[in-house]
**Q** 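This structure is in structure tokens; I'll ask about it shortly.
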Amino acid sequence: MAWFKKRDRGVKAERKRNLPDGLWLRCEYCGAILYKKELERNLWTCDSCGFHFRIRARNYIDILLDQGSFREMDAGIKPLDPLKFKDTKKYADRIKTYQAKTGMNEAILSGSGEIDGRQVSIAVLEFAFGGGSLGSVMGEKIVRAIRRAIKTNSPFLIVNSSGGARMQEGILSLMQMAKVSVMLARLHEAHLPFISILTHPTTGGVSASFAFQGDLILAEPKALIGFAGPRVIQQTIGQELPEGFQRSEFLMDHGQIDRIVNRKELKETVSSLLSYLPSPAPVLGFEEKARALEKS
Amino acid sequence: MSEGSLEFEKPIVEIEKRIHDLRQLARQENMDVTDELHKLERKAEKLRKDIFSKLTRWQRVQLARHPQRPYTLDYVDRLTTDFWELHGDRLFADDPALVCGFATFEGRKVLLMGHQKGRDTKEKLRRNFGMAHPEGYRKSLRLMKLADKFGLPIVTFIDTPGAFPGIEAEERGQSRAIAENLIEMAAIRVPIIAVVIGEGGSGGALAIALADRVIMLENSVYSVISPEGCAAILWGDRSKAKDAAEALRISATDLVELGIVDEVLPEPVGGAHRNPAQTAETLKTAIKTHLDVLCRVDADELIRTRMEKFLAMGVYQDDA
């Protein structure tokens, strides 16, 4: 689940941006010192090792969609606290903190837009909001985004970055995995394409549901992707994890993803791949096909 | 009761010991202790009822993990007249942590599957403590599709700490395996009944629980994360597991209140392991009742209802 919460040595682009001098940043992956302006020009990718810094959900909208084509939807859906959950802090207070920090109601930005003139329905997870954790609002907004894809005969895209399920919503958060899966099954029945893009990090309940249900699964370089977080695995098996374990390249080697895509080529890649996936697909049902063959 | 008793059962164990000692004494000394015995037995009975009528969630976690609690294959023995275990995912291996097979249940042919824990050390290791690898989920999906093709209803037993978090599990795509089960189970055209018999550990449990009916034994638990894992992350301290169990609301009655689970099945006083035969009888009645209803539902309607059920899950505020 949300294993990254506390000790992710993960990307601190957000915080580092606010350093007093703010001109130079260190790559968390290779340690290279990078000039901020240059980094921004490179869409927050390290030109030394190719590591992709974490960026905000709205940045992916800018990167992926035709300029000015995005229409945000369901922005008004807000989280509640059904369990009255309290650990060292109240969940209700945590939500307020996340909202103040991000200026968003929840850890997801969704809506419709165009990629090279082709309409798509899109959802982008926001890691800066509680580690992009999957709760009731995210589940509902993804379901609505898929529904829009079906209504408009459009492909559905999702950009993932999440530590996993939102523990503070208990079993309701686990059920969001089932809820989104059910809606994606309908998208599948409608023969509409679904491309899932994995960014740093994508783990836990998000990984074990929609992130890995894509017709095509793309990943940014060196992103941490996995079912269990590395710390949990290390504790369970009590041995050192191999170099590069659970990074995009590791997943590619093990046949788990279609392509590793540099952020700068993300739009072009998605657009080209979509050109092979008409929506809806022109299909003759398999059963009909089989019968037709028998008759001929 | 003393064997395998839990910390919170100690007061009961003490009285039972006193009853035992008194009986022995009476035999040795040839005394009449009927009245005292009666009193003690009444007291023990009352104590048992008191303790087990207000179990905390953490106490239920301990019962759900009790080493003597009946496991999937124990119920298979008691509930079916015929069981043909079927092995392997056709891709990599067989996973003994998730058993699947054809079974005859109350005269009906079904596909039955469940997580399987081991009783002794050797068996525990072989069953990987009930934590399945991707091949376990892929085997279950292969057979669910077969059940779909030949119209066999599916019954699943949930009893896992979670899907296994290990290097090989990641290499072979644990995420994808679970994700694929979820999307495929949404559209399986035969009835699916999931029964949480022990631990319902997160995605590893859900992967065979996207069902038309989800029912739970009274002292089983079902949670997004283990209380220990949640405590470690949110409290920074695994020993706060008890608090996490309360906060997560993981008991069977909690889940019914939250609208996630359809029915809670009562266990014998002291838990399922105190009377496995009685527990199996309860399961039999419940599963049969739900199967009788679901098997009469048209497949399109079945899937539509299953989908609507999961699509309605979640609590949020929508001002629009």
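This is a predicted model, so every value here is computed, not measured. In what follows, every chain begins at residue 1, and chains take the letters A, B, ... in the order their sequences are listed.
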**Q** So what's closer than 4.5 Å to chain B heavy atoms on A/K86: side chain, backbone, both or neither?
**A**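 Just its backbone gets close to chain B.
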
**Q** With only heavy atoms counted, which part of B/L311 is less than 4.5 Å from chain A, the side chain, the backbone, both or neither?
**A** both

**Q** So for A/E189, is it side chain, backbone, both, or neither that comes closer than 4.5 Å to the heavy atoms of chain B?
**A**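 For A/E189, the contact with chain B is made by the side chain alone.
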
**Q** For A/E106, is it the side chain, the backbone, both, or neither that has a heavy atom closer than 4.5 Å to a heavy atom of chain B?
**A** neither

**Q** Measuring heavy-atom distances to chain A, does B/A163 have an atom under 4.5 Å in its side chain, in its backbone, in both, or in neither?
**A**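 The answer is both parts of B/A163.
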
**Q** Is the shortest heavy-atom distance from the side chain of A/L83 to the side chain of B/L248 under 4.5 Å?
**A**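 No. Closest side-chain heavy atoms not under 4.5 Å.
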
**Q** Mind ranking B/A209, B/A247, B/A186 by heavy-atom pairs under 4.5 Å with chain A and telling me who comes out on top?
**A** B/A247

**Q** Do other residues, nucleotides or ligands put more than 12 heavy atoms under 6.0 Å from B/K309 NZ?
**A**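 Correct, the count exceeds 12.
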
**Q** Should A/Q239 and B/I167 count as side-chain neighbours, where that means a heavy-atom distance under 4.5 Å?
**A**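 A/Q239 reaches B/I167 side chain to side chain.
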
**Q** I'd like to know if the side chain of A/Q176 and the backbone of B/M313 have a donor-acceptor N/O pair within less than 3.5 Å.
**A**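 Yes, because the side chain of A/Q176 sits within donor-acceptor range (under 3.5 Å) of the backbone of B/M313.
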
**Q** So do B/S223 and A/L174 actually touch side chain to side chain, heavy atoms under 4.5 Å?
**A**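 No; the side chains remain at least 4.5 Å from each other.
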
**Q** Indicate yes or no: at least one non-hydrogen side-chain atom of A/M175 is less than 4.5 angstrom from one of B/L258.
**A** no

**Q** Just so I know, are the side chains of B/D318 and A/R144 near enough to count as touching, which here means a heavy-atom distance under 4.5 Å?
**A** yes

**Q** For B/L234 versus A/Q168, what's the shortest heavy-atom pair and its separation?
**A**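 The pair with the smallest heavy-atom distance is CD2-NE2, 3.6 Å.
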
**Q** Residue by residue, which of residues 127-157 of chain B have a heavy atom closer than 4.5 Å to a heavy atom belonging to chain A?
**A** none

**Q** Please rank A/L80, A/D87, A/T236 by heavy-atom pairs under 4.5 Å with chain B and give me the top one.
**A** A/D87

**Q** Can you tell me which portion of A/F250 sits under 4.5 Å from chain B's heavy atoms? Options are side chain, backbone, both or neither.
**A**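 Answer is side chain: those atoms of A/F250 sit under 4.5 Å from chain B.
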
**Q** Heavy-atom pairs under 4.5 Å with chain A - which of B/E171, B/K240, B/R249 has more of them than the others?
**A**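 That would be B/E171.
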
**Q** Can you list the residues that meet the ring pair (Phe, Tyr, Trp, His ring centres under 6.0 Å) rule with A/F85, with sequence neighbours excluded?
**A**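 With sequence neighbours excluded, A/F85 shows a ring pair (Phe, Tyr, Trp, His ring centres under 6.0 Å) to no residue whatsoever.
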
**Q** Under a 4.5 Å heavy-atom cut-off, does chain A meet the side chain of B/A187, its backbone, both or neither?
**A**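 Contact with chain A is through the side chain of B/A187 alone.
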
**Q** Side chain to side chain contact (heavy atoms under 4.5 Å, CB included), that's the test. Do A/V180 and B/L182 meet it? Break it down for me.
**A** CA-CA 9 Å; A/V180 174; B/L182 296 179; over 6 Å; no

**Q** Please check if the side chain of B/E170 supplies one atom and the backbone of A/A228 the other of a donor-acceptor pair under 3.5 Å.
**A** yes

**Q** What option among A/N105, A/V137, A/V182, A/L251 has the most heavy-atom pairs under 4.5 Å with chain B?
**A**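 Of the candidates given, the most pairs with chain B belong to A/V182.
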
**Q** What are the two closest non-hydrogen atoms of B/L210 and A/A178, and how far apart are they?
**A** CD1-CB, 3.8 Å

**Q** Between the main-chain N or O of B/A179 and the side-chain N or O of A/Q213, is there a donor-acceptor pair closer than 3.5 Å?
**A**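 Yes; at least one donor-acceptor contact below 3.5 Å.
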
**Q** Quick one: what part of A/I237 sits under 4.5 Å from any heavy atom of chain B, side chain, backbone, both or neither?
**A** side chain

**Q** Among A/V206, A/L184, A/I77, who wins on heavy-atom pairs under 4.5 Å with chain B?
**A**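 Winner by heavy-atom pair count: A/I77.
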
**Q** Under the criterion salt bridge (charged side-chain N to carboxylate O under 4.0 Å, His left out), I'd like the reasoning laid out for B/E308 against A/R186: C-alpha separation, chi angles, the key distance, then a yes or no.
**A** CA-CA 11 Å; B/E308 293 304 326; A/R186 286 196 178 167; 3.0 Å; yes

**Q** Only pairs of heavy atoms separated by less than 4.5 Å count here; which of A/D74, A/I171, A/I217, A/L241 has the most with chain B?
**A**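 Sorted descending by pairs with chain B, the first entry is A/I171.
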
**Q** Do any N or O atoms from the side chain of A/S136 and from the backbone of B/V315 form a donor-acceptor pair under 3.5 angstrom?
**A**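 The answer is yes, because a donor-acceptor pair under 3.5 Å joins these two groups.
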
